[in-house]
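Here's the structure we're looking at; comments come further down.
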Amino acid sequence: MEHIYIALVDTPGIFAAVIRRFLRQRYIHVVIGLDAGLEEAYSFGRRNPAVPWFAGFERERKEKILRAFPTAAYRICELECSSKQKEGILRRLRQDYQKRYHYHYAVPGLPFLVLGRSFYLKNQYTCSSYIARLLEEQGIKICGKHFSLVTPKDFYQYTYKKVVYEGSLSGFIGAAPMRAAERAVAYGS
């Protein structure tokens with residue numbers, strides 16, 4: 001059995017505060033990682049952590065995020081998958097990263113999300129809709145909604161996850177590298 005990692009993220013800012021209020025949840029951003037240390041992780045988010053206006057498909061850089069958001073909090077969850085599913089996820093992430101400037105944050109789709117109406121805008125996603133679609137293509141369904149309506153809250157409520165870390169990003173980065181199982185024991189899951 002293989003694992004992938006979903007990081008639920010809480011960062012400060014006006015845009016984040018609006019999303020937090022809408023979702024009624026602390027964690028408002030979703031990242032997918034291929035390893036427990038999130039050394040290879042991707043999301044639909046800010047191209048520059050300090051500037052919210054330009055967003056698209058990006059590779060997450062923990063240290064860069066920490067510099068922009070020293071109070072960022074993370075909840076990292078482990079999901080089981082087959083090696084075939086993980087290979088498919090990895091292949092798609094790397095392909096999409098090569099074309100990353102063709103992908104954009106689905107700002108025009110946000111009213112549809114608020115109204116609960118599914119939508120599709122070519123090459124435009126929210127952080128959660130991209131990951132939901134990616135996982136669904138590999139047979140991992142986060143919830144019963146159309147991928148465009150999936151929010152970070154759905155990942156938070158996903159039954160088949162194991163929380164392996166919850167705390168500050170600085171604490172996560174500063175911790176000695178551990179395997180996911182060791183983090184689970186340390187966290188008490």
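Every pair passing ring pair (Phe, Tyr, Trp, His ring centres under 6.0 Å) that includes a residue from residues 139-158 is listed here, sequence neighbours excluded: Y158-Y160.
K86 is linked by a side chain to side chain donor-acceptor pair (under 3.5 Å) to nothing, counting only residues two or more places apart in sequence or in another chain. Shown here are the salt bridge (Lys or Arg N to Asp or Glu O under 4.0 Å) partners of E87, two or more places apart in sequence or in another chain: there are none. Here E80 pairs with nothing under the side chain to side chain donor-acceptor pair (under 3.5 Å) rule; sequence neighbours left out. For E60, there are no salt bridge (Lys or Arg N to Asp or Glu O under 4.0 Å) partners, not counting sequence neighbours.
Residue K84 places its NZ atom among 12 or fewer non-hydrogen atoms of other residues, nucleotides or ligands, all under 6.0 Å distant.
Taking 4.5 Å as the limit, every side-chain heavy atom of I4 sits out of range of all side-chain heavy atoms of Q85. In this structure, the side chains of I6 and V31 stay at 4.5 Å or more apart for every pair of heavy atoms. The shortest side-chain heavy-atom distance between R94 and E40 falls under the 4.5 Å cut-off. By the 4.5 Å heavy-atom criterion applied to side chains, L93 and F57 are counted as neighbours.
Judged by the 6.0 Å and 45° rule, R100 forms a cation-pi pair with Y97.
Considering CG of L79 and CD1 of I142, their distance stands at 5.5 Å, rounded to 0.5 Å. Here the NZ-CG distance, from K62 to L169, works out to 8.0 Å after rounding to the nearest 0.5 Å. Remark: R67 CZ to K64 NZ distance equals 8.0 Å, nearest 0.5 Å. Interatomic distance, Y74 OH to E166 CD, rounded to the nearest 0.5 Å: 13.5 Å. The distance from the CD atom of E137 to the CD1 atom of I89 is 10.0 Å, given to the nearest 0.5 Å. Note that NZ of K153 is 14.5 Å distant from OH of Y27, once rounded to the nearest 0.5 Å.
When all heavy atoms of K161 and C77 are compared, the pair lying nearest together is CD-SG, 3.5 Å. Of all heavy-atom pairs spanning Y105 and P108, the tightest one is O-CD, 4.4 Å. Between H29 and S43, the closest heavy-atom pair is NE2-OG, 3.2 Å. Across all their heavy atoms, H104 and H102 have their closest contact at CD2-O, 3.8 Å.
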For residues 113-128, which side-chain donor-acceptor pairs fall under 3.5 Å, sequence neighbours excluded?
unit_1, atom_1, unit_2, atom_2, d
Y125, OH, R133, NH1, 2.8
T126, OG1, S129, N, 3.0
T126, OG1, S129, OG, 3.0
S128, OG, V150, O, 2.7

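For the residue pair Y130 / D96, a side-chain donor-acceptor distance below 3.5 Å is found, with atom types taken as modelled.
Proximity of a side-chain donor or acceptor of K145 to a complementary backbone N or O of T151 within less than 3.5 Å is not detected.
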(request) Might you work through the side chain to side chain contact (heavy atoms under 4.5 Å, CB included) test for V163 and I76, ending with a clear yes or no? (result) CA-CA 6 Å; V163 177; I76 302 171; over 6 Å; no
(message) Evaluate I65 against V9 for side chain to side chain contact (heavy atoms under 4.5 Å, CB included), listing each step before the verdict.
(response) CA-CA 11 Å; I65 295 166; V9 184; 5.7 Å; no
